[in-house]
Each structure stands twice: as structure tokens, then as C-alpha cells.
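In what follows, a structure is listed as C-alpha cells, so that the remarks can point back to it.
Residue numbers start from 1 in every chain, and the chains themselves are labelled A, B, ... in the order their sequence lines are given, proteins ahead of strands.
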Amino acid sequence: MKHKLATPSASDTPVVSFSGVWKRYGVIVAARDLNFSVQPGEFLSLLGPSGCGKTTSLRMMAGFDQPSEGEVYLEGERVNGVPAYRRPVNMVFQHYALFPHLDISDNIAYGLRQRSPRPSGEYIEKRIAEILQLVRLEGFEQRRIWELSGGQQQRVALARALINQPKVLLLDEPLAALDRKLRREMQIELQNLQRNVGITFVLVTHDQEEALSMSDRVCIMRDGEIVQIGSPLDLYDRPKNKYVADFVGKSNFFEGHVKQVNASYIDVQLDCGVTISTVPSVEMDQHHAGSRVSVSVRPEQLILARDEKQLPEDCVIKLKARVLNRIFLGEHTEYLLRDESLGEFLALSPRQNEVSESPFETSEIVHVAWGREASLVLGDD
Amino acid sequence: MKHKLATPSASDTPVVSFSGVWKRYGVIVAARDLNFSVQPGEFLSLLGPSGCGKTTSLRMMAGFDQPSEGEVYLEGERVNGVPAYRRPVNMVFQHYALFPHLDISDNIAYGLRQRSPRPSGEYIEKRIAEILQLVRLEGFEQRRIWELSGGQQQRVALARALINQPKVLLLDEPLAALDRKLRREMQIELQNLQRNVGITFVLVTHDQEEALSMSDRVCIMRDGEIVQIGSPLDLYDRPKNKYVADFVGKSNFFEGHVKQVNASYIDVQLDCGVTISTVPSVEMDQHHAGSRVSVSVRPEQLILARDEKQLPEDCVIKLKARVLNRIFLGEHTEYLLRDESLGEFLALSPRQNEVSESPFETSEIVHVAWGREASLVLGDD
Amino acid sequence: MRSKWPERLLLLPATVWLLVMLVLPLAVVLVFSFGERGPAGGYVPAFTLAQYANLPARFTAFKNTLTLAPLGTFAALIVAYPLAYFLAVKANPRVKTILLVMIIVPFWTSILIRTYAWIFILGGQGIPKLLAMGGLEGIRLINTPTAVLIGIIYGYLPLMVFPIYVSLEKLDKRLLEASEDLGSSPLRTFRNVTLPLSMPGIATGCMLVFILLMGEFLVPALLGGGKVFFIGNALVDLFLQSRNWAYGSAVAATLVIVMLVVVSIYMKLVMRGTNQRKDMSLL
Amino acid sequence: MRSKWPERLLLLPATVWLLVMLVLPLAVVLVFSFGERGPAGGYVPAFTLAQYANLPARFTAFKNTLTLAPLGTFAALIVAYPLAYFLAVKANPRVKTILLVMIIVPFWTSILIRTYAWIFILGGQGIPKLLAMGGLEGIRLINTPTAVLIGIIYGYLPLMVFPIYVSLEKLDKRLLEASEDLGSSPLRTFRNVTLPLSMPGIATGCMLVFILLMGEFLVPALLGGGKVFFIGNALVDLFLQSRNWAYGSAVAATLVIVMLVVVSIYMKLVMRGTNQRKDMSLL
């Protein structure tokens with residue numbers, strides 16, 4: 001693996017590649033044996049809570065931090081020890097880090113002016129005009145930083161990085177300072193931008209919705225380690241363990257042990273006594289009869305009905321539960337339900353289903369069911 | 001109306017009541033003829049973008065600002081001119097505003113110690129213990145503010161206000177400083193707390209999800225005016241105008257004019273030429289043939305299918321559209337679609353529907369339909 | 001385990017700095033204080049306690065300094081606090097800028113020149129004459145402790161105003177609203193919240209003024225005439241006029257010791273009193 | 001339209017303050033400068049330009065002040081900047097605290113005492129003796145402009161370090177990373193980002209030191225002996241010794257005018273140079 005990365009073939013060289021990368025600060029391990037690579041044009045997100053090592057990884061790509069062990073490659077070239085100002089990558093900082101003593105055009109031109117030989121004035125002017133058009137800030141050349149709104153500053157920060165045509169654009173929680181509505185808009189803008197310019201993006205975020213909605217692949221981290229890498233759909237539908245299932249979307253977890261491993265499904269006896277048929281989220285052969293497992297059921301996979309006949313035939317579980325709480329969330333309604341044996345769990349009911357019949361009331365008893373495909377047996381943590 | 005509020009009957013007196021309240025700062029009008037009341041035990045949210053007058057309204061309840069015109073009542077008593085420290089209401093401030101020179105128990109006891117006659121030491125001790133238990137911070141008495149996490153500080157701020165058993169608890173964006181996961185938890189906690197203590201809550205927020213999920217009623221404001229007051233369901237399903245429909249959840253808007261007003265539905269001819277049958281969100285008689293209107297269709301009301309036969313029979317519109325973009329959002333998938341005549345619009349497809357069949361791909365042509373109940377004609381702005 | 005050497009090396013310039021800036025001057029003063037006056041002034045090496053035995057001769061200067069310095073500090077605080085409060089809390093931005101400039105601009109002309117002007121204002125042709133015209137005859141201001149006190153307040157006011165202003169300025173105004181919201185009247189809010197939270201500023205300002213007053217000699221010389229001498233004046237006299245370096249050093253050494261004792265007691269009290277984590281700025 | 005009266009009323013104490021603090025002292029000095037010396041010293045009202053005609057007699061003092069004050073300011077800046085930079089950017093928190101205390105603590109003992117010690121250090125028994133032991137005979141330091149310069153750097157260093165430290169401290173470290181990320185080497189990052197952003201601190205420090213140097217008399221008197229006189233010394237001489245208030249006032253008035261001109265030119269340059277919105281702190 002290491003050698004393949006070190007001597008890559010010409011065309012499909014990963015833009016960024018980590019090979020056995022560790023980062024230690026004294027006794028603290030910030031990154032633990034990281035191995036992954038980013039393909040040209042890909043949009044990769046590093047997702048995890050604070051302290052999971054995602055920012056450290058980004059800083060090792062940028063050159064602000066150097067790995068304690070292992071290799072970092074940019075386009076197949078080992079860059080351990082190469083300082084930030086000699087790397088062909090650029091970063092969009094969390095609070096933009098725009099230069100307050102320079103106007104917008106000087107901020108944007110900063111990177112070009114550091115090149116040697118320094119490009120001509122006209123060339124710089126031309127590039128500024130192009131990039132301002134790209135981020136839709138024409139006519140803002142002479143403005144000062146503090147005259148811009150948060151979203152506009154964000155776009156200047158993007159322009160300042162993109163003008164250098166970096167091999168990879170690193171984004172460190174670039175939308176964290178914006179309010180929700182604006183953040184949503186900028187997410188779409190960023191996604192479009194990435195498709196238009198074709199530059200590889202690596203985004204660091206702790207916001208799962210942001211990571212899921214924008215990226216081609218998401219790398220979920222915890223305590224300096226990579227837990228799972230995959231497409232948003234992969235992570236949501238086949239989470240490796242409880243940590244991923246819980247971090248990516250909401251889930252109900254039921255504990256139990258494997259009763260029997262069948263050809264394509266697994267029977268799990270839950271601790272409450274109920275036995276359900278489930279599908280594994282990881283390789284089948286990781287599970288053996290008797291081993292303790294968690295079963296994850298996504299709230300939106302639960303089917304709720306007033307009449308038992310409305311439930312589909314092919315369910316692995318059917319039960320009656322009491323509605324404890326109802327929260328109206330716009331497109332769907334969230335119910336907190338309680339069943340004698342399973343305890344409390346969440347169900348999400350799309351509004352479509354409620355247009356025809358009225359929503360369930362608190363204290364009402366409803367019929368609940370879900371199918372085998374909805375019950376995932378998770379792997380070890 | 002004014003007289004009824006001024007001389008209320010004993011039992012159903014509103015806790016807070018605004019009657020023709022204006023607030024001017026020089027030439028700026030921060031609140032414009034506000035009329036509303038809050039019932040005992042109710043959870044009311046004031047929702048709107050910054051500068052809409054929601055915070056000014058809250059400050060007039062608290063006594064930090066006085067109305068320029070009109071009457072503010074607390075439990076039927078006119079409180080114009082009564083300063084904050086003489087009003088039986090308490091506030092949870094945006095960044096908590098905890099006293100840094102006092103420990104947790106002194107922060108919480110602050111309100112009790114301002115009373116005259118001052119309660120006994122034992123009584124204060126007892127109350128502190130009770131309230132700390134309520135907010136689940138037992139044993140934190142001697143801690144300092146800066147030793148607490150954001151969520152814990154939030155709870156101390158709540159405890160400091162609740163210990164005074166206010167007639168109304170005012171909350172000024174209390175969760176804005178918390179990150180998303182924690183905010184969700186605190187929302188649920190706040191909602192439970194409100195039910196347990198039975199105190200009337202008035203919450204100011206710019207976060208529509210927060211307002212919708214927590215409140216009994218939401219008051220939507222714009223430019224110092226109330227646009228619409230109603231339950232979350234009301235606002236979502238029967239938005240008064242485009243502003244409300246856009247602010248509360250996502251929506252697709254199609255412009256057109258009324259072609260014919262029928263008994264229970266309205267035919268609208270859209271600008272693209274298509275005529276659709278719609279239901280009005282406000283009183284039927286507000287609409288007349290020929291008047292310009294917007295039709296709002298919620299993205300989750302759109303039905304998508306590969307096969308035209310899968311679409312239900314009773315649709316007011318059926319068309320074919322191209323998938324421009326697909327964003328995976330966990331419980332559902334968001335599609336940006338484009339139809340020749342309607343232009344671009346959004347559709348939300350719940351994951352349930354996709355378990356059986358695979359999600360649509362970018363550039364794929366899909367069949368789209370929606371029912372009459374899904375197309376709302378909105379009132380004037 | 002990383003080596004401690006780089007850090008120690010970094011401390012080297014700091015140590016040299018401390019030696020040159022503080023320890024060396026004080027050491028010189030200490031050595032001198034055990035010496036003797038040369039025949040034509042200056043210093044002759046010796047080891048005698050004679051200079052210290054002679055200290056009581058300067059008792060008045062010590063007494064004046066140790067009474068008027070605390071008094072002046074307190075008076076400056078009383079005058080400065082309302083001004084700083086008004087500046088930080090009440091003034092609108094435009095008024096605030098004007099006021100800040102007004103407090104700073106006088107600093108642009110040397111204290112020497114401004115204090116000379118007070119000689120005239122407090123002298124026979126100034127305020128006493130105005131008072132005499134109003135019927136209050138025979139009021140003497142110049143060359144009294146009162147004049148020195150006025151001069152001290154005048155000269156040190158900005159030094160007192162600024163730290164208090166800074167601590168009041170960074171005081172979160174919402175804390176005042178929170179206090180009122182919890183039933184505290186504005187007066188009690190001031191006592192319960194504003195005052196305790198501005199303690200770091202008060203402490204810094206008082207210490208700054210007090211320390212500088214211990215070395216003051218201009219104001220007593222100009223406004224106190226020959227009557228109100230401070231230790232600073234004794235030092236000027238001993239070093240510059242009578243050139244008795246040994247005796248001067250004994251006075252200086254005693255002053256430094258008295259000051260270190262006062263300052264350390266004060267620091268302990270302040271640290272215990274404010275009980276704040278990190279707001280204790282030294283300047 | 002709200003009445004403007006409350007605001008005007010609020011400005012009243014400020015106006016009184018300005019009058020008493022700045023205008024009145026300067027007015028007194030100005031009036032005096034057109035008067036004459038009384039027979040036993042002091043001031044006799046008159047209107048004559050004789051005092052101003054006499055100014056050239058103090059030419060050396062003006063010359064010394066106007067050369068050594070800018071030079072001293074510049075020297076203090078050169079010494080202070082690296083120290084402030086190290087403190088704000090490079091030092092870890094523990095080292096930083098130690099260093100800050102080291103810079104502040106010397107301030108706790110009067111400048112008078114500390115400067116006296118330099119008389120000895122720079123005098124015949126101090127550094128020159130050490131140099132002589134090393135073979136460098138006949139080096140004279142005390143009572144030279146160099147000694148005055150050293151005294152100025154020593155005395156004013158903290159005043160220069162602090163504003164620069166504050167401006168470097170609040171400099172967002174991410175700006176330095178952003179600059180490096182955009183291809184700028186550490187040296188160019190310093191020139192492109194750090195230096196321009198610390199200009200407000202440099203400007204404040206320089207102005208503070210320069211203004212105070214214009215009134216300085218202690219350091220020239222002690223370390224310059226009778227040889228390097230400043231205007232401050234001339235004023236002390238004229239007011240305290242020869243009691244020629246009228247002539248002293250003329251010198252003072254001239255100094256104030258020169259200073260106001262220099263400061264206002266400087267301010268304009270700085271304002272244009274930094275081009276910053278609100279970072280220009282005056283103290």
C-alpha cells in the first residue's frame with residue numbers, strides 16, 4: 001500500500017494521500033495511523049466532533065503541522081517538512097482570516113503577488129476580475145473587509161484561495177460563522193463552485209448535515225482515528241458501528257445478541273426478549289451466534305398506522321406503542337413512542353402520509369412496524 | 001378589544017397582552033401596532049429575521065424598553081413605565097449574562113436575595129437545591145461560571161430565572177450559542193421543563209426549526225409588524241402569504257393569476273400557461289378572478305416516480321422533469337428539478353420510498369405530480 | 001520527554017533584563033546606603049549603618065509621603081470613578097470620544113508646564129483672590145498640603161480614570177440588565193455588579209497612582225513650596241544639591257522596602273477581595 | 001425631533017474639565033510669557049515680547065530636546081519592538097507572564113531611584129572601569145548624550161513595549177497562517193502583515209514617548225550632568241531656581257507650540273499610513 005502510493009501511476013494519482021500518518025503533541029495523540037487518499041476533483045469531508053483529529057489532518061495537508069510519523073503526499077510527491085508557503089494548496093480559514101489592512105482586491109491578489117517572478121499588473125487585474133465574477137462580487141474591488149457581510153467575506157476568502165488555482169482547496173469549517181439560512185445557500189454555492197472549477201475540495205466540519213449534503217465522500221473520525229470512509233448514502237445506510245449510525249442522522253438502538261446467522265440475514269434476540277430478523281451493516285462473517293450486538297432502526301423507517309391492517313405484510317416486527325410526544329418539524333413530524341418491552345424510541349412520519357389522515361395525538365396508541373431491511377445489525381465499535 | 005384586556009375576567013386573563021403597541025427610536029419604527037396576548041402556561045415564540053421587532057417586543061415585556069404608544073399588560077395590569085426590577089417576569093439572556101464574580105449558587109440565589117423582606121438563609125438553600133435538581137446540576141453550587149460548558153451555563157441561566165417563579169419566562173435566543181447537537185438536546189429539555197413547571201414561556205428566535213418544534217403558537221414578525229400568529233401546523237399548512245411560506249419551511253412558488261373562484265377551490269393560471277386547481281390558504285373571498293397570486297407547493301408534497309402509472313389518479317398536475325441535482329439529507333433526498341414550463345423547483349423524497357427502488361440520478365427524467373391540497377394560493381403580502 | 005534547555009535559553013535575555021533593570025540599580029542603591037559621603041560629595045566605599053541611623057532627620061518627608069500618597073490616591077479614585085463610569089456606561093459614542101480626547105490631550109503638554117500653571121491658580125492672584133472678592137478673606141492655598149493634594153488629583157487623574165474606564169468598558173452591559181431583571185434596583189445593581197466587576201480597574205489604578213506618588217517630587221516642590229516635602233524631594237536634595245549619595249541611598253533603600261511591603265500587602269488583599277481568575281492586569 | 005439640550009447639558013462637565021485641565025494652564029502660561037520678572041522673581045503683569053526675544057539664549061536646550069527626543073524615541077522603538085514581538089508572538093504563556101512581570105516590576109520603584117543607579121553604572125566606577133580592565137581605556141559615558149540616550153531607552157522602554165505588545169497580541173495569528181498559506185515566507189509575512197497591523201501600536205508608543213520626552217528633565221540632569229540640557233531643565237531652572245516666571249513661560253509656550261505642530265503632523269501621517277478604521281488607540 002505504502003509503495004503503491006509512493007510511486008503512483010501517471011493519471012490516477014491521488015491529489016492528497018496519507019500513509020500511516022501519526023501526529024503527537026507530547027503524550028497526546030491527535031492523529032493515529034491515518035491512511036486515505038483524495039482523488040482529483042473529489043469533494044471529501046472530514047467529519048467528527050471537536051478533538052477528533054480532523055483539523056490536525058487538514059493542517060498537515062496545508063503544511064502548518066508536520067506528521068510525527070508516516071508520509072503525506074501531494075500529487076504523489078512526499079511533502080513531509082515542506083512549509084505551508086511552498087505547498088500548492090490553499091485554505092479557507094474558519095473565520096476567513098482576511099487581511100484587515102488591505103482592500104478586497106489586495107486581499108484576493110495577495111497570493112499572486114507572492115509568486116516569483118511576480119505576475120504583471122494587468123494579469124493580476126484580469127484574474128481579480130475573473131475571480132470576483134466567479135464569486136459574484138463584481139464591483140467590490142475597493143471595499144474594505146468590515147464593509148462586507150458574513151456571506152460576502154466568505155466569498156472573498158474563497159476567491160483569495162481559488163485565484164491561486166491550488167491543487168486542493170482546504171476548507172476549515174468555512175460556514176460555521178454564518179446563520180442557518182445563509183449557511184444553506186452557501187452550501188449550494190460551494191457545491192456548484194466545486195463542480196465549475198473542478199478543484200479538489202477537502203472540507204472539515206462537525207455538522208453532519210453539511211458533510212452529507214455537499215460531499216462525494218465523507219471520512220468520519222473519532223479520537224484521531226478514521227472510523228469509516230464512504231459516500232453519504234453508504235454511511236447512512238451501512239454504518240459500520242453505533243458511533244457512525246448515531247453521528248450520521250438519528251437512529252434508534254436496541255441491544256441484544258445474535259441468535260442465529262442465516263444465509264442473508266441474522267436473527268437477533270433483543271434484551272427485552274423479542275427476536276427480530278435483521279441485515280448486517282458490515283460483512284456477514286463478522287457476526288457469530290451469541291455475540292452482543294446493537295440493532296439500529298432509523299426513525300423514518302418505522303411505519304405508523306391507526307389501523308393494524310394498514311401495516312404492510314412483510315414486517316419483521318409489529319407492535320403497539322403509546323405516543324409520548326409529538327414535535328412538528330415542517331416536512332415531517334417526529335413522534336416519541338413508548339412500548340412496554342422496547343422502551344422509548346423515535347419515529348418520523350412524513351407530512352405526505354398525514355395529508356390524508358390526521359396526525360397522531362399524544363397518549364394515543366398506534367401500531368408500529370418495520371421491515372427486515374430497516375433493522376441493521378452493527379459491527380463492533 | 002382594548003377594554004376587554006384592560007378589565008379582564010378573573011380566570012382566563014392573558015399573562016401578557018399587547019394592545020396597539022408602537023415603539024419608535026427617533027424615525028425608526030421598531031414595533032408597529034402590535035396586538036396579541038399570551039395565555040397562561042402557553043409556549044409562544046416570536047420568530048423573524050434580525051430587525052423584525054421580536055427582541056424589542058421581548059424587552060418591552062421585560063421592562064427594559066417602554067412602548068412609545070399603546071398598552072402592555074401583565075396579568076391584566078397595565079405595566080407601561082414600570083421598570084424591569086419591579087416586574088414579575090424573568091429573562092434568559094442570549095449569552096446567558098451570568099455574573100462572573102459569583103459562584104453558581106450565588107448566581108441562582110441572586111433574585112431571591114433582592115426581595116424584601118429577604119428570605120431566610122435556609123429557605124434560599126432549599127430553593128437552590130430544588131432548582132439545581134430541576135436543571136440537573138446537583139453538586140455544582142460552588143463552581144465558577146467559567147468552569148461550566150455552554151450547555152451547563154444555559155441551565156444555570158434557566159435556574160437563575162426560574163427560581164423567582166416568574167409569571168412569564170422570557171427567552172432571548174437562548175440556544176444560539178450552542179452547537180447543533182447540543183441545541184437539539186436543550187430544545188427537548190426546555191420543552192419538558194416548560195411542561196413540568198407550568199410557567200408561561202415567550203421565546204425569541206430567528207431559527208424556524210426551533211420555533212416550530214418547541215412552541216404551542218408562533219408569532220411571525222417582519223419590519224416591526226406581526227405577519228401571522230398560529231400553531232406550527234397552521235403556519236406550515238396555511239401560511240398567510242409568501243413571506244410566511246418561505247420563512248416556515250421550504251417551498252416552491254409559482255406566480256400566476258386567478259382564473260376562476262369555485263365553491264371550495266380556485267383555478268389559477270400560472271404565468272407559464274398551465275392552469276392548476278388550488279386551495280386558498282386564507283379566506284376564500286379574498287381572491288377574485290384576475291388578481292395576481294403566488295401558488296406555494298411544499299417540496300415534500302411532490303410525488304416522484306419513474307413510471308407514470310405509479311402516480312396517484314387524483315393529481316392536479318402531472319409533468320416530466322429533469323433531475324439537475326441530488327442532495328442526500330439523511331431521512332430524505334432533495335432533488336432540484338427542471339421542467340420546460342415551470343422552471344426549477346425542489347422536491348423532497350423520503351428515504352422510505354427509496355428503500356424499494358433506487359434513487360433518481362442526475363439528468364434522469366422523472367414523472368412529477370401533486371394533488372390539489374398541495375397547491376396553496378397565498379394571500380397578499 | 002523534551003529537553004528543558006530551549007526554554008531556559010529563552011529565559012536568559014529575560015534574566016539579564018531583570019538584572020539590569022531592577023536588581024542592579026537596587027543593588028547599587030543598597031551598597032551605597034552602607035557607604036559614606038565623600039569630602040566633595042559623592043560616595044566613598046565603607047560599611048556603616050550611620051546613614052540609616054540618620055534617617056529620623058528626614059522623618060517629616062516620610063510622614064508626608066506616607067500620609068499624602070494614600071490620601072491622594074483615594075482622592076483621585078473618588079474623583080475618577082464617576083468620570084470613568086460616565087465615560088464607559090452613560091456617554092453616547094460621540095460624547096465619549098470627545099471626553100476621552102479631553103482627558104488625553106492635557107497629557108500632550110508636559111506635567112511640568114501644567115503644574116506651574118497651578119502655582120498661579122492657587123496662588124495669591126488666583127482662587128484666593130476670587131474668594132476674597134466673594135467675602136472669604138485670608139484663604140491660603142498655595143504651599144499647603146491641600147494644594148499638593150489638588151496637584152496630585154490633577155496630575156494623576158488620567159492614570160486613575162483609564163484602568164477604571166477599561167474595566168467598566170469591558171463590563172457586559174447585559175449583566176446590569178440581568179441584575180435589574182432579577183429585581184435589583186439600579187443603585188443595588190451598581191453595588192452588586194458594577195462595583196465588584198470594576199475592582200480590577202480600581203486596584204490597578206490605585207496601585208499605579210500610589211507607586212508613582214511614592215517617588216513624586218514635582219508637585220510637592222511646586223505647590224507645597226518648602227513646606228510639604230516628600231521623600232522624592234529629599235532624594236533630589238540629597239543627590240543633586242548636597243551630593244550626599246550614601247545618605248540618599250539609605251533614604252531610597254528604606255523607601256523601596258516600605259513600598260514593597262505596602263504593595264505586597266495590598267496585592268494580597270486585592271487578590272483575596274476580587275477573587276477573579278485573570279482580570280488582574282498589572283498596568 | 002428630540003431636543004438637543006440633554007446632550008449639551010451632558011457636555012457641560014466635559015467642557016469645564018477641558019477648560020480647567022488644558023486651556024486654563026496654557027492660558028496662564030501664555031499670559032505670563034508676555035509679562036516681566038518681578039524684582040524678587042515671580043511675575044509682574046506687562047505686555048512685552050522681551051521674553052520671546054530672549055529665547056535664543058536657550059537655543060542649546062531646544063536643540064538638544066529636538067534632536068535627542070526623536071532619536072531616543074527611535075532607539076526605544078528599535079529595542080522595544082523585538083521584545084514586544086517575542087512577548088506577543090513567540091513566548092509561551094508561562095515565559096510571557098514572567099517577562100511581563102519583569103518589565104512591570106521595575107516600574108514599582110521610582111524612576112528617580114533607578115536613574116540614580118545609572119549614574120554609578122555609567123560613571124567612572126562602572127562600565128568604563130570594566131572596559132578599562134579589558135584594555136579600552138579613556139571611554140567616558142556619564143554626562144554625554146550617549147548616557148542620556150541610554151537613560152531614555154531605559155526609562156521609556158516599557159512605555160514603548162506595551163502599546164506594541166497590545167497591538168501584536170490582538171493580531172489574529174490566523175492572518176499569519178493565511179499569509180504563509182498564500183505563499184508568503186515568514187520574513188515577507190512579517191513585512192506584509194505583522195508590521196502594518198502593528199502600526200497603531202508603534203504610532204501610539206512613539207507618540208507617548210516623544211511627548212513625555214519633550215518635558216523630560218530628570219534623565220538629562222542626572223546622566224547628562226551640566227552638559228546635556230533639555231528644555232525641561234531650562235524650565236526647572238527658570239521657575240525653581242531663578243524664579244523668572246515670565247521667561248520660563250515664554251520657553252514653555254514655545255515648547256507647547258512646537259510640540260502641537262509636530263504631533264499634529266505626525267498624527268496626519270500616521271492616520272494616512274495605517275488607514276485603519278478604529279485601531280488607533282491614543283493611550
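Taking 4.5 Å as the limit, every side-chain heavy atom of B:F93 sits out of range of all side-chain heavy atoms of C:D172. With a 4.5 Å cut-off on side-chain heavy atoms, C:S179 and B:Y85 do not count as touching. You'll find the side chain of C:N192 reaches within 4.5 Å of the side chain of B:Q114, heavy atoms only.
Within a 6.0 Å radius of CD in B:Q66, more than 12 heavy atoms belonging to other residues, nucleotides or ligands are found.
B:F99 contributes atom CZ, which lies 5.5 Å from atom CG of C:L182 (distance to the nearest 0.5 angstrom). Distance check, rounded to the nearest 0.5 Å: CZ of C:R174 to CE of B:M91 gives 10.0 Å.
Within residues 150-169 of chain B, the residues having any heavy atom closer than 4.5 Å to a heavy atom of chain C are B:R160, B:N164, listed by residue number.
Closest approach of B:L98 and C:L175 over heavy atoms only: O-CD2, 3.1 Å. The two residues C:A178 and B:A97 come nearest to each other via the heavy atoms CB-O, 3.9 Å.
Of the listed residues B:H95, B:R86, B:R87, the one with more heavy-atom pairs under 4.5 angstrom with chain C than any other is B:H95.
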| request: Please lay out, stage by stage, how C:E177 and B:R59 fare under the test side chain to side chain contact (heavy atoms under 4.5 Å, CB included). | output: CA-CA 10 Å; C:E177 287 194 343; B:R59 291 176 63 85; 2.6 Å; yes

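Of the two parts of B:F64, only the side chain, counted from C-beta on, holds a non-hydrogen atom closer than 4.5 Å to a non-hydrogen atom of chain C.
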